[in-house]
**Q** 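Here it is, the structure in full.
Note that this is a predicted model, so its numbers are computed, not measured.
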Amino acid sequence: IFEKHTGIFTQKEYTLLLKKIQADYPRDFPYAEINNYLFKFKVDAIKGGLMENNVSKLEMYLRRLFEIFDPEKTGRITTQVMMEALESAEKILLSKMQLYILRNFVNKNEQGLIEYHKESKFLA
């Protein structure tokens with residue numbers, strides 16, 4: 001299954017995934033649950049910053065992008081504004097699945113706003 005979908009996981013994620021499967025299921029892996037297991041692993045990997053990207057450049061790009069959509073420069077934007085900013089980005093192209101994951105898993109403060117300077121690492 002992994003050989004057919006090499007673009008889904010980085011090498012680091014692939015190695016961690018195999019270790020996690022071995023730890024979670026030392027005998028039999030429930031293959032009926034593989035889609036949910038892989039999805040949850042990928043979300044956790046994204047949240048944990050395990051992606052092998054040049055994070056600092058991407059983080060800075062996202063911060064500058066969100067600042068454009070934050071006219072009062074509060075450092076906080078709504079989820080809707082974040083989505084508009086990401087969809088308008090010229091240097092990154094996100095799939096609907098990636099946008100869905102980001103929208104639903106990005107942390108929000110007590111007012112329901114995204115503090116994009118803190119969250120840019122997760123988003124990157």
**Q** If Ile, Leu, Val, Met, Phe, Trp and Tyr residues are connected whenever their side-chain heavy atoms lie under 4.5 Å apart, and connections chain through other members, are Phe105 and Leu113 in the same group?
**A** no
**Q** Who passes salt bridge (charged side-chain N to carboxylate O under 4.0 Å, His left out) against Lys108, sequence neighbours left out?
**A** none
**Q** Calculate, to the nearest 0.5 Å, the distance between atoms CE and CD belonging to Met82 and Glu119 respectively.
**A** 9.5 Å
**Q** Closest approach of Ala85 and Ser88, non-hydrogen atoms and distance?
**A** O-OG, 2.9 Å
**Q** Test of understanding: with side-chain contact (heavy atoms from CB on, under 4.5 Å), list the residues that count as partners of Gln80, not counting sequence neighbours.
**A** Thr78, Glu84
**Q** Hey, what do you get for CG (Leu93) to CD (Gln98), rounding to the nearest 0.5 Å?
**A** 8.0 Å
**Q** Quick check for you: to the nearest 0.5 Å, what is the distance between Ile114 atom CD1 and Thr79 atom OG1?
**A** 4.0 Å
**Q** Indicate every side-chain donor-acceptor pair of residues 17-24 with a distance under 3.5 Å to a residue at least two apart or in another chain.
**A**
unit_1 : atom_1 : unit_2 : atom_2 : d
Lys20  : NZ     : Asp24  : OD2    : 2.9
Asp24  : OD2    : Tyr37  : OH     : 2.8

**Q** Any salt bridge (Lys or Arg N to Asp or Glu O under 4.0 Å) pairs touching residues 28-41, not counting sequence neighbours?
**A** Lys40-Asp44
**Q** Quick one: CD1 on Ile101 to CZ on Phe122, what's the gap to the nearest 0.5 Å?
**A** 8.0 Å
**Q** Look up atom CG in Leu123 and atom CG in Asn107, then write down how far apart they are to the nearest 0.5 Å.
**A** 9.5 Å
**Q** So, using salt bridge (charged side-chain N to carboxylate O under 4.0 Å, His left out) as the criterion, who are the partners of Glu115 when residues are at least two apart?
**A** Lys118
**Q** Less than 3.5 Å apart, which donor and acceptor atoms pair up between the side chains of residues 60-71 and the rest of the protein, not counting sequence neighbours?
**A**
unit_1 : atom_1 : unit_2 : atom_2 : d
Tyr61  : OH     : Glu90  : N      : 3.2
Tyr61  : OH     : Lys91  : N      : 3.2
Arg63  : NE     : Ser120 : OG     : 2.9
Arg63  : NH2    : His117 : O      : 2.9
Arg63  : NH2    : Ser120 : OG     : 3.4
Asp70  : OD1    : Lys73  : N      : 3.3
Asp70  : OD1    : Thr74  : N      : 3.3
Asp70  : OD1    : Thr74  : OG1    : 3.3
Asp70  : OD2    : Thr74  : N      : 2.9
Asp70  : OD2    : Gly75  : N      : 2.7
Asp70  : OD2    : Tyr116 : OH     : 2.7

**Q** With sequence neighbours left out, write down each residue that passes side chain to side chain donor-acceptor pair (under 3.5 Å) with Glu87, or none if nothing qualifies.
**A** none
**Q** Kindly state each residue pair satisfying ring pair (Phe, Tyr, Trp, His ring centres under 6.0 Å) with at least one member in residues 70-103, sequence neighbours excluded.
**A** none
